[in-house]
Amino acid sequence: MCGRTSCHLPKDVLARACAYRDRQGRQRLPEWKDPDKYCPSYNKSPQSSSPVLLSRLHFEKGADSSERIIAPMRWGLVPSWFKESDPSKLKFNTSNCRSDTIMEKRSFKVPLGKGRRCVVLADGFYEWQRCQVNSQRQPYFIYFPQAKTEESGSVGAVDGPEHWEKVWDNWRLLTMAGIFDCWESPEGGDLLYSYTIITVESCKSLNDIHPRMPAILDGEEEVSKWLDFGEVSTQEALKLIHPTENITFHPVSCVVNNTRNNTPECLAPLNLLVKKELKASGSSQKMMQWLATKSPKKKEPKTPPKAESDVPQWSSQFLQKSPLPTKRGGAGLLEQWLKQEKEEEPKAKRPHNQ
């Protein structure tokens, strides 16, 4: 844990989702470094490339440490002292870093001491719950609770900072605490930036799924403190590393088990048949709307115009068009499930072992 994430947004939308205020209180968007190396995916695994936030000071001497850069990095930290020419020959797993041993292992202690703190961005992460009866594993998608928002209008062009908040109001990205390092092959070549996700004991609501979870930075203040190594010491930053209960989740299709599958079905809510009265939370309902915009419309006879959807317009403009299969867990099931929902969202319930 954590061994699989989703981060599928196009790079321009991803940057808008990470709008922040610098030390002077000015609203900014993080600048991209090596944007061509970013590959959106619904199913990211270790050794793939994922976007992370980090301080500009890591790249520019004398820069304001509160300013941010967004850069693709390899998931699985390769220590700067590693002597082999092939990073895949690293003999131990560095995709995760336990918070209770972070100051004991050289691979993590050294970059942490240098202030190499980053924030790993994702729609959410996946975890598998093992069934005690038949040893099968049920995958879940875990993410921040999502607030219902009103349609914010067109998001084609952003005229100025006063409009940035309206550009991204549909999905709150998960922000996970990480450590990164910079490695150079003995044979020379480009520098390799890589990261690890810090993990902690699971919160109560996730404990039935898995005993550990990512260290989630909940809110702009925590993200800012973790990134600003120029002003916030390592000791102070580590106080931010703890479990959070501000999380929600839903079961998903086993299609996510295969890392080659990269479709919206990976994170679409699944109705487990064993839960006869399973109801979608408000966050799951919002995801349904989010995913529904990606299914291409079939040509049908002209009908009277329908009322406009309350889904923000950016969804259909920026998200990749990818049809959902009409099997279990696909668009057909999602639509049926949505029709059964009430407007008021119930509190997320803890899953029970099947």
Side-chain angles (χ1 to χ4, degrees), residues 1-6 42-46 93 95-101 120 122-147 171-177 197-218 240-259 261 265-288 291 328-329 333-334 337 340-342 344-354:
M1 169 3 50
C2 164
R4 205 77 66 79
T5 65
S6 169
Y42 294 96
N43 198 353
K44 287 184 173 292
S45 59
N93 188 340
S95 58
N96 290 166
C97 166
R98 292 179 62 99
S99 60
D100 50 345
T101 60
V120 182
D123 310 322
F125 69 97
Y126 300 98
E127 194 53 82
W128 282 257
Q129 180 188 43
R130 186 175 296 279
C131 177
Q132 296 180 352
V133 177
N134 55 19
S135 296
Q136 294 182 350
R137 299 196 305 165
Q138 170 60 50
Y140 286 82
F141 186 62
I142 305 166
Y143 50 99
F144 271 137
Q146 304 298 314
W171 192 264
R172 183 186 177 191
L173 291 177
L174 196 66
T175 44
M176 300 174 283
I197 296 176
I198 301 175
T199 66
V200 295
E201 292 184 357
S202 281
C203 60
K204 293 181 180 179
S205 59
L206 292 182
N207 196 52
D208 283 349
I209 298 178
H210 198 277
R212 297 193 68 79
M213 68 183 293
I216 295 170
L217 301 168
D218 190 0
L240 302 169
I241 304 303
H242 52 73
T244 178
E245 290 288 347
N246 187 28
I247 207 75
T248 189
F249 53 88
H250 61 250
V252 295
S253 167
C254 289
V255 70
V256 74
N257 294 358
N258 190 330
T259 57
N261 293 331
E265 187 182 5
C266 289
L267 46 72
L270 177 70
N271 187 352
L272 297 180
L273 299 180
V274 294
K275 297 183 178 181
K276 297 181 180 180
E277 298 181 357
L278 181 66
K279 296 183 178 181
S281 66
S283 295
S284 293
Q285 291 176 12
K286 188 169 185 180
M287 175 172 282
M288 303 281 227
L291 295 176
R328 182 185 179 189
L333 177 59
L334 301 185
W337 189 22
Q340 300 175 1
E341 300 306 310
K342 296 181 180 179
E344 297 296 328
E345 63 180 270
K347 296 182 179 179
K349 298 183 180 180
R350 298 174 60 187
H352 298 284
N353 290 334
Q354 301 172 30

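- Across all non-hydrogen atoms, the minimal contact from P46 to G3 is CD-O, 3.2 Å.
- Judged by distance alone, with hydrogens and angles left aside, the side-chain atoms of H250 form no donor-acceptor pair with the main-chain N or O of N271 at under 3.5 Å.
- Side-chain N/O atoms of N93 and S95 include a donor and acceptor closer than 3.5 Å.
- When H210, Q138, R4 are each tested for a side-chain contact (heavy atoms from CB on, under 4.5 Å) with W128, only one passes: R4.
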- Task: Please step through side chain to side chain contact (heavy atoms under 4.5 Å, CB included) for the pair R212 and E201, ending with a clear verdict.
- Result: CA-CA 4 Å; R212 297 193 68 79; E201 292 184 357; 4.0 Å; yes
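- The shortest side-chain heavy-atom distance between E127 and L206 does not fall under the 4.5 Å cut-off.
- A donor-acceptor contact shorter than 3.5 Å is absent between the side chain of D123 and the backbone of Y42.
- With values rounded to the nearest 0.5 angstrom, S6 atom OG is found 8.0 Å from N43 atom CG.
- A donor-acceptor pair under 3.5 Å links the side-chain atoms of Q146 to the main chain of R172, judged by distance alone.
- Side-chain contact between C266 and V252: absent, with no pair of heavy atoms (C-beta onward) separated by less than 4.5 Å.
- Looking at every heavy atom in both residues, N261 comes nearest to V255 through ND2-O, 2.7 Å.
- In this structure, V200 and H242 have side chains that are not in contact, with every pair of non-hydrogen atoms separated by 4.5 Å or more.
- Interatomic distance, CG of N257 versus OH of Y126, reported as 10.5 Å (0.5 Å rounding).
- Under the 3.5 Å distance criterion, the side-chain polar atoms of N207 are left unmatched by any main-chain donor or acceptor of S202.
- Of the inter-residue distances, the one linking L174 atom CG with T5 atom OG1 reads 9.5 Å to the nearest 0.5 angstrom.
- Between the side chain of E245 and the main chain of C203, no donor-acceptor pair closer than 3.5 Å is present.
- The aromatic rings of Y140 and F249 lie perpendicular to each other, with more than 60° between the two planes, well past the 30° mark.
- L267 is not listed as a side-chain neighbour of V256, based on a closest heavy-atom distance of 4.5 Å or more.
- At least one side-chain heavy atom of T248 sits less than 4.5 Å from a side-chain heavy atom of Y143.
- Between the T199 side chain and the M213 main chain, no donor and acceptor come within less than 3.5 Å of each other.
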